[in-house]
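Take a look at the structure set out below.
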Amino acid sequence: MTASILPRKPLGNTGIEVSCLGLGCVKLGRNEGVKYPSGFTLPDDKEARQILAVARDQGINLIDTAPAYGSSEERLGKLLESRQQWVLSSKVGEEFEQGQSRFDFSARHVRFSVERSLKRLRTDYLDLVLIHSDGNDRDIIENSACIETLVRCREQGLIRAFGMSTKTVAGGLLAVSACDVVMLTYNPDATEDGTVIAAAAEAGKGVLIKKALGSGHLLMADQRNESSSAPEQADPVARSMAFVFAREGVSSIIIGTINPVHIRHNCETALRVLKKP
Ligand code: NAP
């Protein structure tokens, strides 16, 4: 049976169209130093191919990865077929080595990182590169050469757009002015970035949502709390999606999953939620 295809939305003014759900690929390449509710084994190549095939068949065209996601970029480079079908988003600034994160927002490192992502992902352009913030959003924007280096990469056609995955409201607002796209945390338990979403919508900037399910913790909390009988109310995925999609300006919710059943469920849920008046 053919699934209904997820709608696509403009990623701000970038000219890029993204599916309203994206596939977050942390769990494809890294299982240490992560904050998910339970441990997991990285999918093998056969499982990873299935994850990507299910995502594609459901209409997901947006893939989010990062150098800090262990082997994620390299595996995607090996496993992704037909580059043109996908909108590839990676990051710069964070490295994860020997179980530790380190950050480098210098021009030299940012350029090196973009070129390395191109090699790892086996492509000659990235659709999007996000600054992987260490929490000092303002300092990175105002006092590093990160943004000017990404502007240069965009001018040279190495990347189509750039943005920042922020950790503070003040930083998010600055990123709206300085970038094409912002990646923000937003869910029923984390609403602070609502101000940033509104500013981005007003400015025509793209908005990607991370941790819409609270990295899975919202689902655990809801399992303990299942009192409602109405299916929409009882499903925490539907509740979070309805909450996030109600915000004007959200281009896509990036959900991190390595479970094909969850991908299908999430896509069906998004379709249902978006159809509601
Ligand atoms: P998330 O999408 O809120 O939650 C992912 C967790 O929820 C996974 O453990 C997943 O487990 C589970 N899940 C997903 N769908 C489910 C379903 N239908 N039923 C039950 N469980 C389900 O959190 P996230 O992965 O932390 O964030 C999403 C993405 O945003 C990341 O993958 C990454 O691409 C990006 N991100 C970026 C940053 C940054 O730039 N600083 C930080 C965090 C995240 P299963 O694998 O079992 O489905």
Side-chain angles (χ1 to χ4, degrees), residues 18 21-31 33-43 47-48 50-51 54-55 58 60 62-70 72-73 76 87-96 101 103 128-137 140 162-168 171-172 175 179 181-190 193 207-223 226 234-241 243-244 250-273:
V18 291
L21 292 188
L23 184 65
C25 290
V26 181
K27 293 176 88 173
L28 202 65
R30 173 171 155 189
N31 59 5
V34 285
K35 294 177 183 156
Y36 293 107
S38 44
F40 59 95
T41 308
L42 299 184
E47 290 164 332
Q50 196 203 354
I51 291 162
V54 170
Q58 295 286 318
I60 291 178
L62 172 60
I63 290 195
D64 183 63
T65 182
Y69 297 170
S72 177
E73 285 189 313
L76 286 166
V87 172
L88 291 184
S89 165
S90 192
K91 306 197 181 67
V92 292
E94 180 175 353
E95 301 287 325
F96 186 76
S101 282
F103 294 86
L128 178 65
V129 168
L130 299 166
I131 301 168
H132 215 157
S133 177
D134 59 358
N136 299 305
D137 301 337
I140 298 164
F162 71 86
M164 183 159 185
S165 174
T166 54
K167 296 198 175 175
T168 62
C179 305
V181 174
V182 281
M183 177 183 260
L184 307 169
T185 299
Y186 194 67
N187 66 51
D189 278 4
D193 274 347
V207 177
L208 301 178
I209 300 299
K210 60 185 170 183
K211 304 186 189 179
L213 308 177
S215 298
H217 295 280
L218 280 182
L219 311 180
M220 308 302 286
D222 270 67
Q223 271 171 18
E226 251 176 45
D235 179 2
V237 173
R239 268 215 306 284
S240 277
M241 283 189 190
F243 184 80
V244 176
V250 171
S251 313
S252 184
I253 302 177
I254 310 289
I255 298 192
T257 173
I258 48 172
N259 183 328
V261 174
H262 290 169
I263 297 175
R264 284 197 191 91
H265 175 77
N266 296 343
C267 292
E268 283 158 14
T269 306
L271 279 168
R272 218 173 44 242
V273 163

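Every number for a ligand or one of its atoms is a count from 1 in the order of the listing.
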Residues 250-263, side-chain donor-acceptor partners within the protein, below 3.5 Å, at least two apart:
{"from": "Ser251", "atom 1": "OG", "to": "Pro10", "atom 2": "O", "distance (Å)": "3.4"}
{"from": "Ser251", "atom 1": "OG", "to": "Val207", "atom 2": "N", "distance (Å)": "3.1"}
{"from": "Ser251", "atom 1": "OG", "to": "Val207", "atom 2": "O", "distance (Å)": "3.4"}
{"from": "Ser252", "atom 1": "OG", "to": "Ser19", "atom 2": "O", "distance (Å)": "2.8"}
{"from": "Ser252", "atom 1": "OG", "to": "Cys20", "atom 2": "O", "distance (Å)": "3.3"}
{"from": "Ser252", "atom 1": "OG", "to": "Gly22", "atom 2": "N", "distance (Å)": "3.3"}
{"from": "Thr257", "atom 1": "OG1", "to": "Asn259", "atom 2": "N", "distance (Å)": "3.0"}
{"from": "Asn259", "atom 1": "OD1", "to": "Val261", "atom 2": "N", "distance (Å)": "2.8"}
{"from": "Asn259", "atom 1": "OD1", "to": "His262", "atom 2": "N", "distance (Å)": "3.3"}

Problem - Qualifying residues under side-chain hydrogen bond (donor to acceptor under 3.5 Å, both in side chains), relative to Lys211, sequence neighbours excluded - result: none

Practice task
Could you tell me whether the side chain of Arg30 and the main chain of Ala68 form a donor-acceptor pair under 3.5 Å?
Solution key: yes

Practice task
Please name all residues satisfying side-chain contact (heavy atoms from CB on, under 4.5 Å) with Thr168, sequence neighbours left out, ordered by chain then number.
Solution key: Asp137

Exercise for the section: Kindly say whether Thr41 contributes a backbone atom to a donor-acceptor pair with the side chain of Asn31 at under 3.5 angstrom? Expected result: no

Completion exercise
Less than 4.0 Å from some atom of ligand 1, heavy atoms are found in residues Gly24, Cys25, Val26, Lys27, Tyr36, Asp64, Tyr69, Lys91, His132, Ser165, Met183, Lys210, Lys211, Ala212, Leu213, Gly214, Ser215, Gly216, Leu219, Val237, Ile254, Ile255, Gly256, Thr257, Ile258, Asn259, His262, His265, Asn266

Practice task
Check whether any side-chain N or O of Ser240 sits under 3.5 Å from a backbone N or O of Ala212 as a donor-acceptor pair, and report yes or no.
Solution key: yes

